[in-house]
Each structure stands twice: as C-alpha cells, then as structure tokens.
There are 2 protein chains.
Amino acid sequence: MSQTQMMKGIIDGCLLAIIDGNECYGYEMAERLGDYGFDAVSEGTIYPLLMRMQREGLVTSVRRASTAGPQRKYYSLTKEGKQALAEFILRWQQLEKSVNAVLKKEME
Amino acid sequence: MSQTQMMKGIIDGCLLAIIDGNECYGYEMAERLGDYGFDAVSEGTIYPLLMRMQREGLVTSVRRASTAGPQRKYYSLTKEGKQALAEFILRWQQLEKSVNAVLKKEME
DNA sequence: TTTCACTATCTTGTTTTACAAGGTATAGGA
DNA sequence: TCCTATACCTTGTAAAACAAGATAGTGAAA
C-alpha cells in the first residue's frame with residue numbers, strides 16, 4: 001500500500017477546490033498540493049486529470065503569457081464544476097466519517 | 001468522479017483495522033463496512049484484496065465451519081499486517097489533514 | 001555564447017484498483 | 001422440492017496515478 005493508492009479520486013476534488021479559490025494553472029496546482037501536505041503530486045497525474053475535467057465540462061481554460069517561461073494554461077470552474085465540487089465535499093465528509101468510525105471502533 | 005474512485009487504497013486499510021479488532025471472514029467484512037457507512041463494498045473487491053494481502057504476508061487465514069452455510073475463511077493479522085495497519089493510520093491522518101487544509105483554505 | 005536551471009505543458013506505457021457479472025456450493029425453512 | 005441466505009471465488013473491464021521522458025520558453029551565470 002503506497003500513499004499513491006490512497007490518493008485515487010481525491011486529487012480531482014482537491015484540484016476543483018483550488019481552482020474554485022482562484023483561477024490557476026497546472027504547474028502551480030502541483031506546488032500548492034505539496035504545500036498543503038500532499039506527497040509531491042506528479043505532473044503526469046495532474047495534466048491528464050485537468051484535460052479530462054475539461055472534456056467533461058467541469059473546467060474551462062485560457063492561455064496566458066508568463067514572465068518566467070512558456071505560456072500558462074489557466075483553469076476556471078464552470079457551473080458543472082462548482083456542482084461537482086459541492087458533491088465532492090459531501091462525499092469526502094462521508095468517507096472521512098466512515099473511515100474514522102472503522103478506526104475508532106476497531107482500534108480500542 | 002464516483003464514490004468508487006475515492007475509495008481506492010482506503011478499503012485495504014479498513015479491512016486491516018477490522019481484522020485487527022477481531023478475527024473475521026470476508027462476507028462479514030463486507031457487511032461491516034456497510035454498517036460503518038461505506039457504500040456497499042462488493043465481494044468482487046474484497047476477496048481479491050484479502051487474497052493479495054495474504055500473498056503479501058499481511059494476513060493469515062483458517063477455514064472453520066459455519067452453522068448457516070459453507071465454510072468461512074477467518075483472517076488474522078500477522079506482525080507485518082499490524083505494521084501495515086499502523087502505517088495506514090498515519091497515512092490516513094496525513095491525508096485527512098491535507099484534504100481538509102485544501103478545502104478550508106480554498107473555500108472561504 | 002552556450003550552457004544550465006527553472007518554468008511550463010503534454011504523451012506514452014505500465015501497474016493497480018474496484019467492480020460488475022457470474023459461477024460454485026452449503027444449510028435451513030417453506 | 002425449491003427458495004433464500006450464506007459463503008467463497010473468477011473473469012473481464014474501465015479508469016486512476018504515475019514514472020519517464022519529450023518539447024519548449026526564459027533568464028542568468030560561466
């Protein structure tokens with residue numbers, strides 16, 4: 001069991017939350033997740049995820065010049081994306097509750 | 001994003017916790033997870049997981065007769081299994097902290 | 001001036017996960 | 001006798017997360 005495996009499906013929601021807070025681009029999202037305490041999330045994970053979420057209509061993107069390198073692709077949430085984020089939060093809270101219930105009940 | 005995807009890698013740890021609490025068999029673990037608030041976890045998920053964990057030396061099993069059906073396969077944790085459980089708990093707590101940090105910081 | 005480090009995106013191929021669906025078999029009750 | 005609940009397992013599928021590496025722009029040091 002790696003940290004990796006526990007991440008599945010959760011990064012999506014966290015990306016939505018970050019984008020909702022403020023228009024953001026992939027490279028920065030990876031850094032931010034690191035700041036929040038996640039194991040370094042690889043770009044090979046983030047970019048395909050962002051592209052999938054765009055395909056699904058949860059986010060839109062615009063390219064903008066950077067002062068320090070190639071163009072950035074800034075993402076924003078659509079109405080569907082905001083909805084998906086709200087649903088993610090509910091599911092996360094339910095999951096948190098369930099796992100903690102198992103750990104608490106079984107660990108004493 | 002389905003509930004499913006958020007589960008990845010977490011069921012393992014919960015099964016270890018359940019087994020640690022008390023010797024248990026697969027069919028019952030599925031029921032218990034349901035009781036703890038998880039979406040019904042399919043047997044197609046649980047049995048392969050248990051077999052993998054046995055292959056990895058985290059659990060051992062013994063067959064015992066049941067009063068109400070075919071033989072049950074009771075699982076117990078090995079020393080390695082207890083170790084894996086302890087590691088899971090740490091990783092879970094770290095994950096919980098990180099996700100909540102993202103949600104809190106970005107949602108205000 | 002060329003080379004290095006950092007910034008930034010994307011692709012390919014692999015491993016693993018979770019599951020749906022279905023198979024097998026035992027026991028007890030209607 | 002047949003149904004339901006109990007109990008285990010297998011096969012095939014879709015998707016997730018990543019490692020590794022390709023591509024390219026910028027600026028600063030050497």
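Order of the sequence lines fixes the chain letters, A, B, ..., with proteins taken first and strands second; residue numbering starts at 1 for each chain. We use all heavy atoms of the structure for the numbers below, so side chains are in, but hydrogens, waters and symmetry mates are not.
Residue A:Arg64 is out of contact with every strand shown, counting any heavy-atom pair closer than 4.0 Å. Residue B:Gly26 is classed as a sugar-phosphate contact, given heavy-atom separations below 4.0 Å to backbone atoms only.
Look at A:Arg63 and you'll find a side-chain N or O under 4.0 angstrom from OP1 or OP2 of C:dC10. In terms of phosphate contacts, B:Tyr47 brings a side-chain nitrogen or oxygen within less than 4.0 Å of OP1 or OP2 of D:dC8. For D:dA7, the OP1/OP2 oxygens have a side-chain nitrogen or oxygen of B:Tyr25 closer than 4.0 Å.
With distances taken from any side-chain atom of B:Thr45 to the nucleotides C:dA18, D:dC18, C:dC10, the minimum falls on C:dA18. Distances from the side chain of A:Tyr27 to the nucleotides D:dC8, C:dA8, C:dC10 place C:dA8 closest. In the set D:dC18, C:dA20, C:dC10, D:dC18 carries the atom at the smallest distance from any side-chain atom of A:Ser42.
Considering only heavy atoms from C-beta on, B:Gln54 comes within 4.5 Å of B:Tyr75 through its side chain.
Straight-line distance from the CD atom of B:Gln54 to the C1' atom of D:dC9: 14 Å, rounded to whole Å. C:dC6 atom P lies 12 Å from atom CD of A:Glu31, rounded to whole Å. Rounded to an integer number of Å, the gap from CG of A:Leu33 to P of D:dC18 is 10 Å.
A donor-acceptor distance shorter than 3.5 angstrom exists from the side chain of B:Thr78 to the backbone of B:Gly57, with no hydrogens or angles considered.
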Practice item. Show your working on side-chain contact (heavy atoms from CB on, under 4.5 Å) between B:Leu85 and B:Leu58 and close with a plain yes or no. Key: CA-CA 9 Å; B:Leu85 173 55; B:Leu58 305 182; over 6 Å; no
Identify each atom pair where a protein N or O and an N or O of nucleotides 23-30 of chain C are less than 3.5 Å apart, giving names and distance.
| unit_1 | atom_1 | unit_2 | atom_2 | d |
| --- | --- | --- | --- | --- |
| C:dA27 | O3' | B:Thr67 | O | 3.4 |

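To the nearest 0.5 Å, the span separating CZ on A:Arg63 from OH on A:Tyr74 amounts to 12.0 Å.
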